[in-house]
Amino acid sequence: MSIKIHTLAGYIHEYEKSVLQPEQFWSRIAETFHWRQLWQEVVRWNFDEPSVEWFVGGKLNITENILERHLYTLGDRPAIIWEPNDPAETALTITYRELYHRVNEFANAMKAQGIGKGDRVIIYMPMTPEAAIAMLACARIGAIHSVVFAGFSATALADRINDCQARLVLTADENYRGAKVIPVKAVVDEALTKCTSVEKVIVLQRTGGPVNMQDNRDIWWHDAIAGQPDTCEAEEMDAEDMLFILYTSGSTGKPKGVVHTCGGYMVYTQFSFENVFQYRQGDVYWCTADVGWITGHSYIVYGPLLAGATTLMFEGVPTWPDAGRFWDIVDKHRVNQFYTAPTAIRALQAFGRQPLEGKDLSSLKVLGTVGEPINEEAWHWYHDHVGKGRCPIVDTWWQTETGGIMISPIAGITPTKPAYATLPLPGIQPVILDNDGHELKGNSVEGNLCIKFPWPSMLRTTYGDHERCRQTYFSQFPGYYFTGDGVKRDEDGYYRILGRVDDVINVSGHRMGTAEVENAINEHPRVVESAVVGYPHEIKGQGIYAYVIADTTGRTEENLEEEIRATVANIIGPIAKPDKIQIVPGLPKTRSGKIMRRILRKIAEGITDDFGDISTLLDPEVVEKIIAGKK
Ligand code: 7RM
C-alpha cells in the first residue's frame, strides 16, 4: 500500500505536505514499490522545453510490482474477473498466480518472434483478459504498447501503426459487441496494406469465425504460446523509459501519440487508484471503460493490478441483451466500486428504473464517473437509484495526458457536490488563468485550467514530435501545463470543469478534434469544404454538427448525407459520424479566411440572433442563409 488517506484532516495534511515538500511527499510513496535500483533525484523539470523526469536514475519493471510483488501474498486471490459479452457464456477468474504465468508465457511468445525492448507493439483487441495480458507482457520485456480502440477504422489504425512504426500487431479473429460480431482481423488486414513496418500479427481466436491468415506473417495466439515457458525474467527499465504510447485527438487533424514512462506512471496510478476509490483488499472493483482509452490503461489494468486489487473486465455493452446488463453484473460479482461514464448513465437513465428492479446492488460502496462533465440530473439519478443514496460519487477529472486522476473527491472522505470534480488530489497544483495568462487567485473565479507543478504520471512528449508537445500544452501559458479545459472555482473553492476551450469536442466521453472530423468529411469527392462543431446532446453530452459545402447536382441531400457519414466511419470509425449534417451555400468566414465557429456553434444550439458583430465577415448574409436552411 502506498499512502492511504482516511480522514478529511489527513487529506488536508497530505495536500499541504505535497505542495510544500513535493520531493519528500513523492519519495515516501515511491519507496513502497519494488525498485531494482533507487533514484538519485525525485524530480527534475522545466516546463519551457518541456522536460520532465521523475525518479531520475531509478530502475524497475512495472510488472514486477504487479506480479512478483503480489505473488506470495495474493497469489490465490483474483486479479481479473472477466465477464463475457454474452451472459450465457461462463465468466472467468484469473488469480495473481495465473496472471503471473500467462503474462510471462506471452512475453516469451513475443520474444520468440524477435520482439524486445523499445519495439512498438499495436494492440487492437476485444475486451478479453488477453488484452491486459498483452499490455503487461509488453511491459515485461520493455516493448512499448500502443492500444488502439477496436472501433477505429482501418485507416485510423494504419495511421497509428505508421506513426509509431510498429513491428507487431496483436488482434483477434472477431470481436463480440452486443448483438454484433465485428471482423477485426479483416480490419487489420486492410490497414496493413498501407503499412510496411509490421512483421508479425498474432491473432487471438475469440469467435472461431473465418479469417485469412497470411503465411509468414500471421500466427494464432495459441500457437504462439505453445511450448513457451511460463516464467520470464523482467527487463530492467529506467524510470524514464517509455511504457506506452496512446493516441489521442487534439485541435489539429492528426491524433498525437501521448507518451507515458515507467516509474512515474506506476507510482501515480496506484496512489490515485487506492485513494480515490478507497479500495480495500477483497473488494471487487469494476471500471466499464475500454482498454483502448486511457481510463482502461490506468484504472482497469495498471492502477488496480499494482494495488493487488480484483479488477473486473467486461467485454460487452450496457444495453445488451437488455438495459439491465450493468446491474446484473454488479449483482452477480458483488461489485464494490463501480466506475463509468456520464454518457452511459444518461443512456441507462432513459430506460427508466425498471431495469434496476430485482437487482441486488447492496454490494456497492463507491460510484465513479469520468470522461465528460456530468449534469446534475444524471448525478442525482446515479446517486439515488444506483447508489440508493448510500454511495459517494467520485467525479474524476483527468486526461490521457495526465495519466491519472487529478481533481476528484476521495470517496467518503472529502465532500462531493453534484457536477463538481471538487478538489485536487495531493501532489496536484491546479491554477486558473485568464486569457492573458494571469493567475486568478481566490474563490468565485473562472478561466483556463492549468497545472503549475509536475506530477509523476504526466505526459513526457508526443511520440516522434516533441515540438508538438511543447506547442500544444506548454506554449499558450508559458511555465504552465495547459489542459485545454475551462474551469470554475466556486465560492467554496471547489472545481467545476466547464468543458473544452479549444477545438476539441467530447462525444460520449470520446475526444475528437473538429479538424479531424472535417478532414474525413472532406475526403468525400462531392465535398468542397466543411466546418464541424459540437452541440449539446441529451445522451452523448455533445453531438457532432457538420456544415458542409457540397456539389449536390443530380443528388438528393439525404443520400449525400448518408454517404458522408459512411466516409467518416471509414476514415475514423463509427464514433465520429456526424449526428447532423447541413448542406450550406457558404461558411461564415473572416476576411482572413478563418471560419467563425462561434457563430456556427450558436446556430447548432438553435440560437438565431445575438451573434455579436458579424460585419467583419467576408459575406455576412451567409449567416441568414444557414439559419434558414437549418432542419
Ligand atoms: C480520462 C479522459 C479528457 C477530457 C478532459 C475534459 C473531459 C474528463 C471529466 C471531464 C468534466 C470530468 N481522458 N473530462 N473527465 N470533464 N468532468 N470528470 O477522459 O483524454 O479521453 O479526455 O475529457 O474535457 O480534457 S481523455
Side-chain angles (χ1 to χ4, degrees), residues 147-149 151-152 244-251 255-260 265 268-269 272-273 276 287-303 339-346 367-376 378-379 382 393-409 411 416-425 428 430 448-451 457-459 462 472-473 481-488 494-514 516 534 536 540-542 575-576:
V147 185
V148 176
F149 173 58
F152 277 123
F244 66 84
I245 304 166
L246 185 60
Y247 286 87
T248 191
S249 298
S251 40
K256 39 191 179 298
V258 169
V259 170
H260 285 289
Y265 182 81
Y268 196 78
T269 52
S272 53
F273 169 76
V276 169
C287 165
T288 69
D290 189 283
V291 287
W293 311 114
I294 190 68
T295 308
H297 285 61
S298 303
Y299 299 110
I300 293 177
V301 180
Y302 287 107
Y339 190 28
T340 195
T343 189
I345 298 166
R346 288 190 298 263
L367 301 176
T369 71
V370 59
E372 50 178 322
I374 181 164
N375 46 308
E376 287 194 36
W379 193 99
Y382 197 31
I393 296 179
V394 291
D395 176 350
T396 64
W397 174 83
W398 59 295
Q399 308 177 296
T400 304
E401 294 84 346
T402 70
I405 296 168
M406 302 287 280
I407 303 182
S408 167
T416 63
K417 191 167 187 172
Y420 280 74
T422 69
L423 299 171
L425 295 193
I428 305 305
N448 301 294
L449 176 58
C450 293
I451 316 287
S457 65
M458 69 184 293
L459 87 164
T462 45
T472 311
Y473 308 105
Y481 166 79
F482 176 41
T483 65
D485 280 315
V487 70
K488 156 176 141 178
Y494 294 150
Y495 291 87
R496 177 177 191 156
I497 309 300
L498 302 172
R500 304 289 304 194
V501 295
D502 54 10
D503 289 328
V504 171
I505 47 184
N506 191 325
V507 181
S508 300
H510 301 150
R511 261 169 80 171
M512 249 161 306
T514 53
E516 200 183 346
K540 299 179 177 184
Q542 279 191 302
I575 53 173

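In each ligand, atom 1 is the first atom listed, and ligand 1 is the first ligand listed. Values below: all heavy atoms of this structure, side chains included; hydrogens, waters and symmetry mates excluded. These figures come from a predicted structure and were not determined experimentally.
- Between His260 and Phe244, the ring planes lie tilted relative to each other; the angle falls in the 30° to 60° range.
- In this pair, His510 and Phe149 present their aromatic rings tilted. The plane angle is within the 30 to 60° band.
- Near ligand 1, residues Ile294, Thr295, Val370, Gly371, Glu372, Pro373, Asp395, Thr396, Trp397, Trp398, Gln399, Thr400, Asp485, Ile497, Arg500, Asn506, Arg511 come within 4.0 angstrom through at least one heavy atom.
- The aromatic ring centroids of Tyr268 and Trp398 lie 6.0 Å or more from each other.
- Between Arg511 and the options Glu401, Glu516, Glu372, a salt bridge (Lys or Arg N to Asp or Glu O under 4.0 Å) holds for only Glu401.
- No hydrogens or angles considered: a donor-acceptor pair under 3.5 Å links the side chains of Ser298 and Tyr265.
- Between Tyr339 and Thr396, the side chains place a donor N or O and an acceptor N or O closer than 3.5 Å (distance only, hydrogens not considered).
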